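Worksheet for the structure shown next.
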Amino acid sequence: MIMQKAEQMLAAVGATSDDTEFYAPMPAGYRPGRTKYVVVVGTVMSGLGKGIFSSSLAKCMQDKGLTVAPIKLEGYLNIDSGTLNPYRHGEVFVLDDGMETDMDLGTYERMLDQNLSRLNFATSGQIFARVLEKERRGSYLGRDVQMIPHVTGEVKTKLRELAVATAADVVFVEIGGTVGDVENAYYIEAMRELAFEEGPNSCAFVALTYIISPPMLGEQKSKAAQLGIKSLLGSGIQPQIIACRGKDVITRKVREKLALYSNVPIENVFSMHDCESIYLIPEMLRGAGLDRTVVELLRLEDRLQPEAEARAREAWNGFVQRIRATRRQVRIGIIGKYTSVRDSYASIIQALDHAGAAAEAQVSIEWVDCTDITDDNAADYLRGLHGIIVPGGFGVRGAEGKIACIRHARENRLPYLGICYGFQMAVIEFARNVCGLAGANSTEIDPETPYPVIDILPEQKQIEGLGGNMRLGGRDVEIRPGTLAAELFGGVRETRLRFRHRYEVDPRYIETLESRGLVFSGKAPDYPIMQILELPRGVHPYFVGTQAHPEFQSRPLRPQPMFLGLVRAAMDFAAVSEQVPARTDAGRVCTS
Ligand code: GLN
């Protein structure tokens, strides 16, 4: 009886009894052989663009009519990326289901034009938490819980769950870090086990490596790459494809050496040299035949749809041509406090790129450090810009500089887009300078403010039913008809945006703010949570803010409307304003 119960428990949790050393947990509904796996690992060093590579390859497969599902396996012990410092780790990307992830998930969503979920993201913290939870439930039935097979088993389960949930033809697994790191060693081992269990032609391993080219030698050297791949071979994994990163095209000589040392046919050793835009990479991979190699390795020939591929390539190439064409220049300033770290604003940069391609404008971004900006010098700092963005942010530092920039934009008809914190700062600026609420502020910045126009509203948090205190993920937004927002979103009454915030407009001030001309054109359907603000067209050509993060939803072929609106308004501004040269000294950190 007890044994029977134990067997049932085992079946339910995918655990194993001590009769066997095999441990291949299969979630309900998993059909072995249905889903194939492409596993991308990095060698030599991190930062090679594994996410860009993997998403580009996934796009090539998706274009062929295959269903693809990416997953990023992160080595760190955090449960999600929410607590990571974006200036150290890049931006925190928020998925529709509220999961806070690594910025690579943004790359996948953009490349694949596909919303992802928590199924597409794992950290060591999550994996271990699941194992420990099972251990406490007694699910391992007296077994000593081990890295192999239990932790690795949890990784395989995560991949197979994704396969079941998405009915994917191909799951793309990106392993964070570099082969040889202690923290991802068990991921590599899990992939070896997966390939063994799934059988021949079910997993393709791609080693992304880096070819060094020391300036004093003036030639490419393959040794570091060889050693990296050796280490992968030592883990029991034979890559079928090697993609070589490097500044210039990787020479045949180097590729031959790698082929010889790692048992990979020369045709499968590709040059993945730098190119001017990440959006060129899918065509670059196709040009090198990498897509066909994967199809052959995984025996996917029968599932392809060639007509779909032709259509997808045509649409994509149109976009690529637009980004490469010569276009009218507009300068958009991004006002921040640590503006030199580009990765922390990755999605905003991308959203401006997409909008620029659609509006036929070449958007050059100028990073404006707001730490020393005041009402008196804001005009100097912003001179020559055609539009500004105040992006998301936390804490006190730099807030007054941002408010001064917003005031300048509002009073001088300079196009403005406020994102999350930038929305809140716009409310504060309007409350102070238009409604006469001197000292108005957010309680995040000044808990003693006489006018807490932005505040934490505990009763609303209760309504939202959040365990933590961040409002996270996709939420519906009701759009007020006849507003600029309605126009931007093409006349729809409701849209969906992504959020990541703790503070919001205190509803007690809505009437005062609106009576003086601020328009809340988007709000939560059932609660007084203000989500979009604007000034009427007659007052200002483009003054828009949103409590959301619209940058997370911009896609190459579907630019986000608020960014598109900003770029178009900036083009108009550029056309009418005198072209005063931009300041080149203090304030501007760098130009792209
Ligand atoms: N700090 C603000 C809040 O918590 C804004 C957050 C953000 O910009 N993401 O509400």
Side-chain angles (χ1 to χ4, degrees), residues 80-87 89-96 98-101 103 106 334-339 341 343-349 351 370 388-403 405-406 416-429 431 440-447 449 452-461 463-464 466-475 477 497-507 509 520 522-524 527-533 544-554 560 562-563:
D80 58 38
S81 310
T83 51
L84 295 179
N85 179 348
Y87 303 108
H89 196 81
E91 80 181 355
V92 177
F93 191 84
V94 182
L95 304 180
D96 187 77
M99 185 76 189
E100 294 173 290
T101 73
M103 58 188 280
I334 299 183
I335 321 289
K337 45 183 180 177
Y338 308 102
T339 40
V341 186
D343 273 2
S344 38
Y345 299 108
S347 291
I348 294 183
I349 297 172
C370 58
I388 62 168
I389 292 175
V390 172
F394 291 83
V396 178
R397 209 163 72 81
E400 289 304 319
K402 291 176 187 176
I403 293 170
C405 290
I406 296 169
Y416 175 68
L417 177 61
I419 298 176
C420 202
Y421 196 75
F423 163 96
Q424 297 172 355
M425 296 301 110
V427 171
I428 295 167
E429 190 281 319
N441 218 326
S442 162
T443 49
E444 180 180 10
I445 297 165
D446 176 10
T449 171
V453 289
I454 305 291
D455 199 2
I456 286 199
L457 298 174
E459 69 279 15
Q460 284 184 7
K461 275 204 281 96
I463 295 169
E464 288 278 319
L466 291 181
N469 54 2
M470 277 264 211
R471 192 163 168 267
L472 280 169
R475 293 284 191 286
V477 178
L497 295 172
R498 280 192 210 169
F499 294 82
R500 182 174 188 248
H501 67 115
R502 202 170 271 130
Y503 294 81
E504 58 201 47
V505 179
D506 185 331
Y509 294 98
F520 287 110
K523 64 179 273 298
Y527 310 111
I529 304 177
M530 298 302 110
Q531 295 176 323
I532 303 177
L533 67 73
V544 172
T546 174
Q547 186 61 84
H549 284 276
E551 71 274 24
F552 294 149
Q553 288 169 287
S554 183
Q560 205 284 335
M562 290 169 162
F563 281 89

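One is the number of the first residue; the rest follow in order along the sequence. What you see is a predicted model, and the numbers here were worked out from it, not measured in a lab. Order of listing sets the numbers, starting from 1, for every ligand and every atom in it.
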(message) Are the side chains of Q547 and H501 in contact, using a 4.5 Å heavy-atom criterion?
(response) yes
(request) Write out the residue and atom name of the closest protein heavy atom to atom 10 (O) of ligand 1, then the distance separating them to 0.1 Å. (result) Y503 N, 2.8 Å
(request) Would you mind listing which atoms of ligand 1 come within a distance below 4.0 Å of any non-hydrogen atom of R502? (result) 3 (C), 4 (O), 10 (O)
(message) Looking at E444 and G395, would you say the former's side chain and the latter's main chain have a donor-acceptor pair under 3.5 Å?
(response) yes
(message) Check contact between Q424 and ligand 1, using heavy atoms of the residue and a distance below 4.0 angstrom.
(response) yes
(message) List ligand 1 atoms under 4.0 Å from R500, heavy atoms only on the residue side.
(response) 6 (C), 7 (C), 9 (N)
(request) Provide the number and element of each atom of ligand 1 under 4.0 Å from a heavy atom of E444. (result) 1 (N), 2 (C), 3 (C)
(request) Taking the side chain as every heavy atom from C-beta outward, state whether Y509 and V427 have any atom pair closer than 4.5 Å. (result) no
(message) Counting C-beta onward and ignoring hydrogens, is there a side-chain heavy-atom pair between S347 and F93 closer than 4.5 Å?
(response) yes
(message) My understanding is that only one of R500, M425, H549 makes a side-chain contact (heavy atoms from CB on, under 4.5 Å) with C420; could you say which?
(response) H549
(request) Using atom types as modelled and distance alone, determine if a side-chain donor or acceptor of T546 lies under 3.5 Å from a backbone N or O of Q531. (result) yes
(request) Provide the number and element of each atom of ligand 1 under 4.0 Å from a heavy atom of G392. (result) 8 (O)
(message) Any atom of ligand 1 sitting under 4.0 Å from a heavy atom of Q547?
(response) no
